[in-house]
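Okay, structure first, notes after.
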Number of protein chains: 2
Amino acid sequence: MIGTISWTMADTPTLRDRTVEVLRDAILTQHFKPGEKLAERVLADETGVSRTSIREALSQLQAEGLVQRVPGKGMFVTRVTAEEAQQIYEVRAIIEAATARLFVARASDADIDALEVAVNAAEAVNEPTSALLHAQRLDAVSDIVMSGAGNDVARQMVAVLRARVTYLRTITARSASRERRGETMAMLHRIVDAYRRRDADLAEQLTRAYIERSAKFAQDVLHEA
Amino acid sequence: MIGTISWTMADTPTLRDRTVEVLRDAILTQHFKPGEKLAERVLADETGVSRTSIREALSQLQAEGLVQRVPGKGMFVTRVTAEEAQQIYEVRAIIEAATARLFVARASDADIDALEVAVNAAEAVNEPTSALLHAQRLDAVSDIVMSGAGNDVARQMVAVLRARVTYLRTITARSASRERRGETMAMLHRIVDAYRRRDADLAEQLTRAYIERSAKFAQDVLHEA
DNA sequence: GCCGGTATACCGTCATACAAGACAAAACGC
DNA sequence: GCGTTTTGTCTTGTATGACGGTATACCGGC
């Protein structure tokens with residue numbers, strides 16, 4: 001059961017946007033599992049909005065890559081293949097590594113401070129039970145880098161890419177050892193350190209390694225399942 | 001007047017997709033100018049499809065960044081700002097340069113042959129009057145590199161980015177001197193050459209220079225207007 | 001047990017309706 | 001004559017109902 005959508009749920013004026021939020025959340029929390037069919041009428045009944053709004057919301061989620069439309073059959077929660085995940089992580093590594101360089105060049109000291117705060121916030125959520133929250137905190141870290149690098153287009157694209165593999169990220173996070181979680185945070189701290197020293201080469205290299213490491217864990221999950 | 005949409009227009013089964021194609025084309029050919037309002041009712045009448053399909057098509061174009069929705073006011077053809085264009089070209093440079101390296105590593109000789117054919121095809125369209133066609137031929141070149149690099153996610157993202165600046169590209173192409181057009185094609189030939197010699201560093205560097213050069217022309221157009 | 005036909009469910013699309021807000025023009029006051 | 005207010009129209013956002021077509025499931029026959 002997903003929540004009924006009320007008129008005063010969020011600060012957005014359109015019902016469409018609130019519906020998108022509810023459905024996106026339901027997908028990211030795996031209330032709807034990958035491959036699961038999303039029947040319009042069912043969703044309309046469960047959320048209390050009309051089929052029209054559901055369709056519009058699903059269109060947007062399709063644009064974000066979270067659901068896929070199969071002509072004549074309907075909407076399905078996107079099932080990420082190993083190959084696709086590999087490509088997504090590859091693009092992320094490319095963009096985020098390059099953005100790390102830009103961040104070094106363009107970010108203010110305040111940006112770096114904010115980054116450190118965000119990293120610590122992510123570190124504070126370190127129990128396997130709150131994997132999604134942890135992933136979202138890591139997203140916030142990445143968002144700060146992108147913003148500090150002064151490229152909003154890149155920020156948005158990477159955000160979409162991350163959302164598409166959030167499913168994998170929560171799985172890997174849940175099954176991760178305490179040791180691995182420690183390593184992850186250590187890498188992030190080292191990246192922040194590189195930023196503090198304004199070492200572009202190091203920041204770029206560490207960022208790439210960080211993402212390639214995530215990719216490897218994701219591949220492990222995909223190939224064992 | 002944009003064309004009426006018939007049932008047997010394309011090979012896609014859904015009317016929605018055909019509508020998207022018609023509208024996208026109308027935007028890229030500047031039948032609809034940047035900033036222009038796209039009233040649903042008018043579009044429905046002109047194309048002969050219902051408002052429902054028009055809305056769905058517009059949603060997709062919004063996802064591609066070609067139109068923007070202003071809540072309560074409607075859809076408008078996106079007006080690209082100088083800053084936005086700068087960011088788009090920056091991301092393109094990042095992705096395409098990195099992809100050039102991947103292409104060197106992964107492409108077959110046949111891929112390189114196909115690339116050369118595509119470059120020649122672009123060169124064949126060298127009159128300022130067919131700026132859009134020229135841009136599309138250049139897109140085809142880029143697409144081949146992305147495919148050969150084996151990353152479809154990157155290919156799609158770059159395709160969307162290119163579409164968002166197509167307007168600028170056609171403007172610069174129309175006002176370009178014969179000399180500049182020659183230089184452009186010369187750069188492309190040198191890039192193909194680098195691929196033939198499997199020189200990853202050179203291919204990456206040339207690709208970045210090629211896109212940064214495009215960015216500069218786009219900025220000139222935006223700042224003089 | 002496999003095949004073909006039927007029934008059902010759902011999508012894709014359309015037409016219509018209506019409230020809320022935006023825009024423009026007209027009416028009004030000064 | 002000009003600024004302000006009011007009115008009216010237009011468009012969006014959302015809802016509802018409908019219908020053909022297609023996919024899927026069920027069912028009976030061979």
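Reminder, nothing fancy here: chain letters follow the sequence lines and each chain counts from 1. Keep in mind that this is a model prediction, so the values were computed, not measured.
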Does [X] place a side-chain N or O at less than 4.0 Å from the phosphate oxygens OP1/OP2 of [N]?
| X | N | answer |
| --- | --- | --- |
| A/Lys73 | C/dG12 | no |
| B/Arg16 | C/dT13 | no |
| B/Arg55 | D/dT12 | no |

Test item: [X] side-chain N/O and [Y] main-chain N/O as donor-acceptor pair under 3.5 Å:
| X | Y | answer |
| --- | --- | --- |
| B/Lys37 | B/Lys73 | yes |
| B/Asn120 | B/Glu116 | yes |
| A/Thr207 | A/Ala97 | no |

Please give, in whole Å, the distance from [N] [atom2] to [X] [atom1]?
| X | N | atom1 | atom2 | result |
| --- | --- | --- | --- | --- |
| B/Phe76 | D/dT12 | CZ | P | 9 Å |
| B/Gln62 | D/dG13 | CD | C1' | 14 Å |
| A/Ile54 | C/dT13 | CD1 | P | 18 Å |
| B/Glu56 | C/dC11 | CD | C1' | 11 Å |

task: Spell out yes or no: do the side chain of B/Arg51 and the base of D/dG13 have one donor N/O and one acceptor N/O closer than 3.5 Å?
output: yes
query: What nucleic acid atoms does B/Ser53 come within less than 4.0 Å of, heavy atoms only: base, sugar-phosphate, or nothing?
result: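 Sugar-phosphate contact only - B/Ser53 comes under 4.0 Å of backbone atoms but never of a base.
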- request: Look at all strands and tell whether B/Glu40 reaches a base, only sugar-phosphate, or nothing, counting heavy atoms closer than 4.0 Å.
  value: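 Result for B/Glu40 = sugar-phosphate.
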Atom CZ of B/Arg41: over 12 foreign heavy atoms under 6.0 Å: no
